[in-house]
Each structure stands twice: as structure tokens, then as C-alpha cells.
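Since the structure comes first, as C-alpha cells, the remarks are kept for the end.
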Number of protein chains: 2
Amino acid sequence: MDKAQIGNSDLISTVNSRLILQAVRVMQPTYRASVARQTGLKPATVTGIVNDLLSQQILSEVPAATPTGSDESGTRWGRPPLMLQVNADAKRIVAIDLEPDRIRVALTDLLVNVLNYQEQAIDRFSEPEAIIKTMLKLAGRALEDVDRQQLQGVGVSLPGLIDREAGVLISSTNMPKWRDVPIRDILQKELGVPVQVERSIHLAAVYEKWSDPNHAHRTTLMLTLRTGVGISIMHHGHLLTGRRGFEGEIGHTVVDLNGKACECGGKGCLETFVSASAIVARAAEMIHQGKCQGLLTAMRGGTDLRPELIYKFAKRGDRDCARIVQEIGKYLGIAIGNMINLFAPDEVVICGSIDMVE
Amino acid sequence: MDKAQIGNSDLISTVNSRLILQAVRVMQPTYRASVARQTGLKPATVTGIVNDLLSQQILSEVPAATPTGSDESGTRWGRPPLMLQVNADAKRIVAIDLEPDRIRVALTDLLVNVLNYQEQAIDRFSEPEAIIKTMLKLAGRALEDVDRQQLQGVGVSLPGLIDREAGVLISSTNMPKWRDVPIRDILQKELGVPVQVERSIHLAAVYEKWSDPNHAHRTTLMLTLRTGVGISIMHHGHLLTGRRGFEGEIGHTVVDLNGKACECGGKGCLETFVSASAIVARAAEMIHQGKCQGLLTAMRGGTDLRPELIYKFAKRGDRDCARIVQEIGKYLGIAIGNMINLFAPDEVVICGSIDMVE
DNA sequence: AGACATTATTTATGAAGTAAACTATGTCAC
DNA sequence: GTGACATAGTTTACTTCATAAATAATGTCT
């Protein structure tokens, strides 16, 4: 049997602190009595924890306010509350987004306002060591004026299969040299602060939940389009994740068993229809059959064959290109429909765009 | 914002009691010091909670035991532990399984040993009121010799879509008269004890987790075959369930977009290939085409056309019937493969059998 | 009989939530 | 202005739990 969470006063305080911090973040500006009503905690408890958070400067008190009681004539009474809000400046967070073609590093405050942003192009075929060096350089710059005490931690978004427990990037389709790289430990050692890693495609869902306080008991299905298709499911406030991070591979879901062979060994996988390379291949095939003449002309004019070009032609009324786009929708629709049957989500979010990686 | 679990001493005690009870159940017979090591709780804490559980008679102490310490020569030392085990007789549970063609009621003890079992055939077209009356009759009989104090509660397994929060059976394919029946509240009122409802197809997964202590951090995909196909996912110890209980509908996942129209409005749903009625229809179609002559002969002999008959012929070497069975496997395989891509489960369990309902 | 190892309990302490009393602070009526 | 009123927030005394540390219990072995 694994060790589970045990109950002690530590558990109580983390649970309640989070609850209160969350409540203030969502309702701010707000005040102690309101927080108590919302969370179900008693006023005395809220006072204690709020004072604690005030002394840590994670919350701050705002002076002015008017009484909350009122009647139909607009008469107000009662002691005016002391308003609370999150002191965004109390902490700093560094976010590192590794993508096949670039690294993006942001320094944010507690409310995830971006204070500083850097972007640097990389070659997706580089050695991981070199790329990590670049990440460290950018992170170092972001942290130049940050007190280490103030730094909450570093979050890293990775484009591929990860092992969450070990903090390892197992593999990445678009970055072939990355194989079992223990990136969390490397960064943690170099930066000397706690580092967390997560799979890129899931982070949109995490943010969605964070920014929407009513999300706790809903189920959201989020599809992320990029070079391929990823799926994330936020279920009752929890992100569905496998131990090894292998989940979310909707791209290799079979949507047409008579379809083309896929790299994965399957036949008719979703990605044989909706990935950037599949779309381009499909267009090339049609050009070969003498269709999509518009595309051919554009290419002779020096333009690259890219998904967005096909879409542009489709919008302009090119029948053949429109058919390609329509097919993408059809297969995406089948996949989404299947997911809806399985999860009965309260909402489906599609984000990103189908891009090529050089 | 919804009200979340707040932290107070109640939380601590429930968390720790459950932890300890669970540990004892899994390791029994065991002893306090071992429980403390396993759970991470301190010995004094375990003593306190165990004594509490002993006084409630949920646990019992077994006298004999030998010292636990030992060296290579087999020498043993130390104070011999007081062994603990779950006192299965402390509580009684009533389990009611409603199926389209029968009601099954069991009285069990805390370890889910069946003490008493009753089964009664029902007509799936009956009014819900009549069926509930039968359920109450059987439950009443099961409870005849049970002290109400001893009764932990009643669990009901329902064959269809449920609303867990409301305890309502929303609809059931095989029991057309059941529409939005608030069965939990009805039973609760009549029996005067807490009633919980769950969807039948998911309960195999729940039991699987309960009976396997190492299950907490695994992901299991469980397919349940009956008149159709249901899927349950046990993920990190939690059953994936939607608020309205609409999930698990893998049967209406599209596996062949050129397939037949399905009742649900889709085309090529899994259930158009692997449900009992679909299989029979497929065989009838083949007979019409002059195939499956063996089946035809059997049917002229008065045998009903049922899935198991087709399977019997397939096993005997009937080529056409074998093809039907093979097709079932093919489509089931696609659906399962897709699920594996999505969830990367640690294991896939297929249970049940494809049955007809009269 | 006494050393030893291990299990189990007791006692004292501390952390956290909470009920209830109490203080604080505004508005309004007079 | 003064006091009633309503609501916000704090203080105090108390309870519940976990826990560290001391202690007791119980067997084997020398």
C-alpha cells in the first residue's frame, strides 16, 4: 500500500490557507466575514489565517469601504469591512515554455501578471544540453532583480511525454534528441529553487480551471492543436494525468479504419488527417492528381506549402482546398464526438492552431 | 465558488480512521506498530484510533502472536504484538442489483461476505413502482434479523444513466418505463437508512479497486459487456464519473464512419457492431445472403438466434459465424486501442458477456 | 535473574478550529 | 450630540487531535 495523505494539523492549515487564499483571489476585493461565509470557516479561524497571510504579505488590506448592510431605501449600516486583496508582488514565479522552435521565459507575480518576457529561437535538433543552457541563461536574466526569498518557484512546460514523478522529459516528437532528460532535477540544481514540470498540452486546461472559480465541479474537454492534436481533460477540478504522462494521445485514436498507415503503426489515426504534415501531404497528393491548381501556382511563386496557405485558399473559394479543410473538420468531429460520449463534459474547448515546425 | 472540504479536527479523524481501517483490512492480521509504519502515523495516534475502532467493535484483537524481530539463526525477540483484524460482523450492508430481467439482493458483512442472497425475476416493461415494491420486499426480508444499529447502509446498482447527486435513474435502455425515477430517496424513505446509488457498469471497477490495495495509483480501464458495451475508468484511485452520470458511453463511439446508422443518430457506433442485437441482426443479414446455413438449420429446429449460438457455431468451425465473431473483436479492438492511447492504463479488464435481454 | 528488542500506552505539549463574549465602527433617528 | 442598531472583526477559553518522549509490557536468550 502506498503512503497516503495523513491527517494532522499541517493538513488542516494547508487546506484552510489555500481555501482562503483562493477565496480572496476569486472575490477580491473582499473581507474576512465574506470569506468566512463563502468557505464555511468560522470568523475566528479566518481572522487567524488572514493575519498570517497578511504578515507573510501574501494578502494586503485596503483601507476604505462602506458598510455592507442595507435595506430597500438604500440605508446602509454596520461596521464597514476591512477589504482584502492578494498582494501580487509578494511572490515571483518563473515560467519556462520549451517549444520545438523556441524557448519562452516569463517572470510573473502571484496573479500571473507577466513582469518580464523573453523569447529565443532554438533549433529543434540541438542537443538537450545546449538548449538547457539557453533556458538557464534566460531564467537567470529573468531572476536578475528578484530576491530569492521572493521566488515561489519555476514551472516548465514541456512538449512531449513526461514522467511527472521523476520530472523527466521522456521523448518529444519534434525534438528527437530529447530522450529521458531529467530536466526538473537539472534546473532545480542549477537554479536552487523548486521546479515543476508539466506537459504543454495540459497547461491550457490547468489555466482554464485556475482562472474560472466555478470550474471545480465541471468537466472540461480541451483539445490543443499544434503540430498534432492533444487532449486534456479537467475532471471535477483534477487534471487527468497518467503516472508516466502518456495520456492525452488522442492523435493516435483511430477515426477511419480504412485510412492511411500512421507512424505509430496504426491505420487511420486522427493525426493522419489533422496534423500539419498530414494536411500538407494531402494537399501534395491532390496537386499530384491535378487538383488544387491555385496552390500549385502559389508554390511556383515561391510560397511554402503550409496548412495556413491551404486554409487561405479554402476561404477564397478554392473547392479542392475547401474539401481538405472540410475533411479535417470531419475527422476532428468524430474524435470530439467520441470523447463527448465518453466524458459528457460540460464544455469542450479547442485551442491552438495547426502549425508546421521547421 | 462551491463550498469545498474545510480543514478541522473532523477531517483529521475521518482521514486517519479510514487510513487505519484500510491498512488493517488489507494487511490483516496485523498489529499497531506495523499499521503505524505503513500509514506514516505515529504509534500513539494509531493506539488512540485503534482503541476507538475496537470499542466500536469494527476491529477486534486476536490474542496469540510471536515476536516480530529475528536474526539469521531464527532467533526471535521483542514483545509479541497484539494482532488486529476487521470484525466483519460489526456492520451489515444491503446490496441491491437492479437488472432488466431480475433483482438481486444480498446482505453482506463489512468484508462483503454474502450472508444472504435472494433473486427474483422481473419483467423489464413493468412500472417502476411495482419493481421498487419488489426491491423493498426483498430488502425487507434481507433485513429481518438485522439490528438497525448494525446496518451501515444500502447500495443500489442501476442499469442506466444516473444522476449521482440527486440519486435518480434518468433512463435505462432496457427498461423503457424508468424515466427520472428518484429511486434513492424512495428507498431511503421506506427503509429509513442511507442509500447510495451507482451505475452498474462502474461497480466492477469500484470492487476491483477495493479488493486490490495496490490499486491506488494505477489506472485501470474496465470494459463491461452485457447487452451493450460500457467502459469505466479507475484513475489514481478515483472512478471517473460525470455529474449527471452520462459518461462511460463507449458504445456510441464511432469505430467505422462508413458503418450502419445507430439508434443514437450516429453512424458506425461500436454498438452497431458489438451489441447483442447488432450481432443477431448481422447474422440474420448473412442468413438472408445465403450464408451461415448452420444457424439457419438450428433455427428451423426451434433454437433462438442468440449471440451465444453464433459463437458456438464459430467455435465448431462455421466460417461465416467465425467471421462475425472476428468482426466483433476487430471493432472492440479499435475502441480499446483508442482508449489505451488516451489513458495509457496500467491494465485493461474486460468483464461480462454479450447477452440478450428478453 | 537480567539484558535486549520490540510493541504498546501514558503523559505532557502544542497546533489548530471554534463558540461565545466582546470590541470596533459606521448609520440613522431623535 | 447621543444612543440604538447592525455588521465586522478580535479575544478568550475550551476542545480535539497528533505527537514526542518517557514508560510499561512481554517475549527470547544468555
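Predicted model only: the values in this text are computed from it and were never measured.
- Taking the C1' atoms of five terminal pairs at each end of the helix from dA1(C)-dT30(D) to dC30(C)-dG1(D), the two resulting helix axes are inclined by 20°, rounded to 10°.
- When the side-chain hydrogen bond (donor to acceptor under 3.5 Å, both in side chains) test is applied to Ser200(A), the partners found at least two apart in sequence or on another chain are Ser157(A).
- In this structure, Tyr31(A) places its OH atom 14 Å from C1' of dG26(C), rounding to the nearest Å.
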Return a single string for nucleotides 13-21 of chain D, one symbol per nucleotide in 5' to 3' order, where B is base contact, S is sugar-phosphate-only contact and - is none, cutoff 4.0 angstrom on heavy atoms. ---SSSBB-
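- Between Arg218(A) and the options His236(A), His235(A), Glu347(A), Glu208(A), a side-chain hydrogen bond (donor to acceptor under 3.5 Å, both in side chains) holds for only Glu347(A).
- At dT7(D), none of the side-chain N or O atoms of Arg37(A) fall inside 4.0 Å of OP1 or OP2 (strictly under the cut-off).
- Every side-chain hydrogen bond (donor to acceptor under 3.5 Å, both in side chains) that Ser34(A) has, sequence neighbours left out, goes to Thr30(A).
- Between Arg32(B) and dT9(C), a side-chain N or O to OP1/OP2 separation shorter than 4.0 Å is present.
- In this view, Thr45(A) satisfies the side-chain hydrogen bond (donor to acceptor under 3.5 Å, both in side chains) rule with no residue, not counting sequence neighbours.
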Protein-nucleotides 23-25 of chain C N/O pairs under 3.5 Å:
unit_1	atom_1	unit_2	atom_2	d
dT25(C)	O2	Arg79(A)	N	3.4

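- Residues satisfying the salt bridge (charged side-chain N to carboxylate O under 4.0 Å, His left out) test with Asp52(A), not counting sequence neighbours, are none.
- Residues satisfying the salt bridge (charged side-chain N to carboxylate O under 4.0 Å, His left out) test with Arg184(A), not counting sequence neighbours, are none.
- Distance CE (Met83(B)) to C1' (dA8(C)): 14 Å, rounded to an integer number of Å.
- At whole-Å resolution of the value, CD in Gln5(B) and P in dG17(C) are 13 Å apart.
- Taking the six-membered ring where the residue is Trp, His238(B) and His238(A) present parallel rings, their angle staying beneath 30° rather than reaching 60°.
- Atom P of nucleotide dG17(C) and atom CG of Leu11(B) are separated by 11 Å, given to the nearest angstrom.
- An OP1 or OP2 oxygen of dC29(D) is reached within less than 4.0 angstrom by no side-chain nitrogen or oxygen of Trp77(B).
- Atom CG of Leu59(A) and atom P of dG9(D) are 13 Å apart (whole Å).
- Partners of Asn113(A) according to the side-chain hydrogen bond (donor to acceptor under 3.5 Å, both in side chains) rule, which considers only residues two or more places apart in sequence or in another chain, are Asp109(A).
- In terms of the salt bridge (charged side-chain N to carboxylate O under 4.0 Å, His left out) criterion, residue partners of Glu198(A) (sequence neighbours excluded) are, by chain and number, Arg164(A).
- Sequence neighbours left out, the pairs with a member in residues 19-36 of chain A that pass salt bridge (charged side-chain N to carboxylate O under 4.0 Å, His left out) are Arg32(A)-Glu61(A).
- The salt bridge (charged side-chain N to carboxylate O under 4.0 Å, His left out) test applied to Asp97(A) returns Arg104(A), not counting sequence neighbours.
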